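See structure below.
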Number of protein chains: 4
Amino acid sequence: MRGASVGDGGDASTIRNVSIRAHYPVRVTAEPVETRRGGRVRSENARLAILDATASEFARRGYEHLTIEGIAAAAGVGKQTIYRWWRSKGDLVAEAVLEDRLLGERFHIPDTGDLRADLATWLGEVFGMLAGPEGEGLLRSLIAAAADNADIGRRLRERIAGEGAGSGEASVTDRLRSAVAAGELATSAPVAEIAELLVGAVILRALSRTGGDREAVSRLVAAIVG
Amino acid sequence: MRGASVGDGGDASTIRNVSIRAHYPVRVTAEPVETRRGGRVRSENARLAILDATASEFARRGYEHLTIEGIAAAAGVGKQTIYRWWRSKGDLVAEAVLEDRLLGERFHIPDTGDLRADLATWLGEVFGMLAGPEGEGLLRSLIAAAADNADIGRRLRERIAGEGAGSGEASVTDRLRSAVAAGELATSAPVAEIAELLVGAVILRALSRTGGDREAVSRLVAAIVG
Amino acid sequence: MRGASVGDGGDASTIRNVSIRAHYPVRVTAEPVETRRGGRVRSENARLAILDATASEFARRGYEHLTIEGIAAAAGVGKQTIYRWWRSKGDLVAEAVLEDRLLGERFHIPDTGDLRADLATWLGEVFGMLAGPEGEGLLRSLIAAAADNADIGRRLRERIAGEGAGSGEASVTDRLRSAVAAGELATSAPVAEIAELLVGAVILRALSRTGGDREAVSRLVAAIVG
Amino acid sequence: MRGASVGDGGDASTIRNVSIRAHYPVRVTAEPVETRRGGRVRSENARLAILDATASEFARRGYEHLTIEGIAAAAGVGKQTIYRWWRSKGDLVAEAVLEDRLLGERFHIPDTGDLRADLATWLGEVFGMLAGPEGEGLLRSLIAAAADNADIGRRLRERIAGEGAGSGEASVTDRLRSAVAAGELATSAPVAEIAELLVGAVILRALSRTGGDREAVSRLVAAIVG
DNA sequence: GGCTAATCGAGACGGTACGTCTAGTCTTCGG
DNA sequence: CCGAAGACTAGACGTACCGTCTCGATTAGCC
């Protein structure tokens, strides 16, 4: 299936993020960058089409079966346009993760004031997602991607366990800090470590296909913030 | 590079394990198994050569760059002999993991009587292995393999976090139980959950390429068995 | 599709021909052959099943796509039973041709007393067969077989052009001789050469996919026995 | 044995013929061909290397044992480049025959003014070639190829028996016409049929491995142009 | 009736080649 | 110079057969 051609009208008005690599016309930083001489500028349309295609192909086929050719076809783009700006599919997926095209709101953790309940709710949701058919392979695909590409690994950790996850999404660490502020957790509580252990357990469950019922969830919560 | 041919002299005297699939002459169980009619029996030599080659290729190139052709060549075996007995490289690696060809003693956890110290030692070693060049990709490759193949995921969990890891290797859970028996840990301690959280954290560290110094290790230990 | 097993009841009562190779129980020649000691005798059932399967597979798929495995399966026979008695599929087809399993009556030439008319009839039939869907590939497959295997080539020539074609089938040469005897052709007529030229033309037409209408046929006949 | 890589420098200055298929830059016809948009053009270097390799492999191993992989390796070309432009080895050989890479001057027929002598000379040479070791399999391989592929069959017939054989090579028909013009043969002589019968006889001799001494040759000539 | 020996169906073995797919690079045209 | 298109070399994929090598099970002739 071949997507419609992107065209290249140049109406790059909907820039959503900043590219990782240099030689990009629209930038946040003000540095002039070796003042390019002549030549057509990079097409923002193409870039977005590629990232969109990456996200949808990733969701559809998983990281392992992701192909550059498939992405190029789905994006209506030449392969070279991808290779010109990204070194590998790992890079590509890393940027898609960075732009929050893959995780979405799937790892949102609530804040009702009751930390243990919130953690249980969150874990329950995530485990449910793992069991479900649609999200079944998503997290595992992300894990495979992270195993392959350092940037993805780092970003995945920041996004879920880290602090200041960006994109307005609260991470587990953020929720724990909120609990400390609310007096639910001791000030001395090792917030970062707890988050790390919790997220690690989720990943292990994803890898071992071990579902988790309500009781398993509460036992896990009790073990870490008992 | 082509390995020497396996030959097939039939001197399969060093059987190390039991095959996963049926139709195999040497078995532990006494069941006669649908009494074969005709046909040469499966070559144990070929099976072992394939698993050995799988292990060494895996260590050398990682799961993603593992090729069936490479394994066949290294094992001195026809490709069909692999495809006859395993459906995919995932299956192949799963059996190699099952037969302890990949992990070896790398995740051995000591038992000196001091649980916290032992856990710290173990975490330190594992983190060190992650940082080192040789084991650098090993765990991440195993994670990728587990993301791809359910059997590998399950087996990996059992082997490291599970109980009765088999092969005489003690798992984290085993060590924790020993601590409970020694009175170091309360009888009510959620042993399985602690092991899971700990192993999960290791996997997360592997994915995020986050090293861990001595202090980070002790903070992690304190957070979980403080 | 696997043919029913041949069984091996030993009721080899319907022997139709003599095997090419030695070590066969039923023979014309009386030589005792290195007096075998013990051992099971060759199964005539298996031999016939193999030749039948060869013929039907040949008709169905042609010489190029004939496979030993296919024949073995269709005959309900082990591959080794084929390799024990024939060296190649060429040998196998050669014996099938020898036993008239492939040509049948397809190249029968009539004898009405009018040589030219008979030749025209014969050529017309053969050309018609070439055009038809069923016999379309048959002659070409035989040609391919002959190109591959000397025995087949020789036998094919004998059977169609040669004298004493055996099997009660009259060859072109036989028909020409009959014409000489009837005074239709001069005693000095180069019978063998005429037959050769005629059959060669048929083969060339088969290879070049050149059909031949009634007129083309009579022109050919006129050119050779004008 | 792997041929040197073709490179692709674009110095395709020695174009020898016109490709069969479309989408090719160098053409005789002036038709603009659906005005290509983008895309690298077909490499003439690769095309020639493939056809050369086909010819040499054909001569060396014969049609049956010709392999696409062998040709690709000998031509220093990827397999896909072959499959992109030809559907089968039959197609490939057909184009090689079309470009006169296989027959060469081997079937050249002399014209001394004495038709019968010339035919005898020609037949003698061809039969000699059939007997010799180098050309032994060549004609039979071509026959096998023709049996497999219609284009080859047609072309083979044109080239040897047909008129206006192209490539400046005179065919048997051409020689017969010359004899008619010289008054050696009656104007009413069925030139085409005589050529066909003669060439057919040659093919039959090739298939049946029947050599032909001087006398056999003259008998054949006498039978057809007596 | 046991022994010896060669056959039978069956099917695993090391290999070769198939035709397809994708990687990453290179080359064309058009904007 | 960018971008779409698409040909290029390279090499792995999973399948089909090759011809060989065991298997257990028959089935003869000879003791």
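What you see is a predicted model, and the numbers here were worked out from it, not measured in a lab. Note on naming: letters A, B, ... go to the chains in the order of the sequence lines (proteins, then strands), and numbering restarts at 1 for each one.
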Q. Separation of D/Ile82 atom CD1 from F/dC8 atom P, in whole Å?
A. 11 Å
Q) Could you state the CZ-C1' distance from A/Arg84 to E/dT27, rounded to the nearest angstrom? A) 12 Å
Q: Look up atom CD1 in C/Ile82 and atom NZ in C/Lys89, then write down how far apart they are to the nearest 0.5 Å.
A: 12.5 Å
**Q.** Side-chain N or O of A/Thr81 closer than 4.0 Å to phosphate OP1/OP2 of F/dA4
**A.** yes
Q.
Side chain of C/Ser43 only, heavy atoms from C-beta on: which candidate in E/dC8, E/dA10, E/dA17 is closest?
A. E/dC8
Q: Specify the separation, in whole Å, of atom OH of A/Tyr83 and atom P of F/dA4.
A: 15 Å
Q) Want to settle it: does C/Thr67 or A/Gly78 sit nearer the 5' end of DNA chain F, counting the closest nucleotide to each? A) A/Gly78
Q.
Looking at C/Leu92, is its backbone amide N or carbonyl O close enough to the side chain of C/Thr54 to form a donor-acceptor pair, meaning the two atoms are under 3.5 Å apart?
A. no
Q | Check: F/dT26 base within 3.5 Å donor-acceptor of C/Arg40 side chain | A | yes
Q: Mind checking the CG-CD1 spacing from A/Asp52 to A/Ile71? Nearest 0.5 Å is all I need.
A: 11.5 Å
Q.
Taking the minimum atom-to-atom distance to the side chain of D/Ala46, which one of F/dT9, F/dA16, E/dT7 wins?
A. F/dT9
Q. Can you find a side chain N or O atom of D/Trp85 that sits less than 4.0 Å from OP1 or OP2 on F/dC8?
A. yes
Q.
Please report the interatomic distance NE2(D/His65) to CD(D/Glu57), rounded to the nearest 0.5 Å.
A. 13.0 Å
Q) Is there a side-chain polar atom (N or O) of D/Arg61 under 4.0 Å from OP1 or OP2 of E/dA17? A) yes
Q) Roughly, in whole Å, what's the span from CD1 in B/Ile68 to C1' in F/dT15? A) 14 Å
**Q.** Protein-nucleotide distance (D/His65, atom NE2; F/dC18, atom P), rounded to Å
**A.** 12 Å
Q: Determine: side-chain N/O of B/Arg42 to OP1/OP2 of E/dC13, distance under 4.0 Å, yes or no.
A: no
Q | Between F/dC8 (C1') and A/Glu69 (CD): distance, integer Å | A | 12 Å
Q: Tell me which of C/Lys89 and D/Gln80 sits closer to the 5' end of DNA chain F, going by the nucleotide each one is nearest to.
A: D/Gln80
Q: Please state how far atom CG in D/Leu92 lies from atom P in E/dG19, giving the value in whole angstrom units.
A: 12 Å
Q. Does NZ or CZ of A/Arg47 lie under 6.0 Å from the centre of the six-membered ring of A/Trp85, at an angle within 45° of the ring axis?
A. no
Q. Taking N and O atoms by type only, does the side chain of D/Lys79 place a donor or acceptor under 3.5 Å from a partner on the base of E/dG19?
A. yes
Q) Roughly how many Å is it from CZ in A/Arg87 to P in E/dT25, rounded to a whole number? A) 12 Å
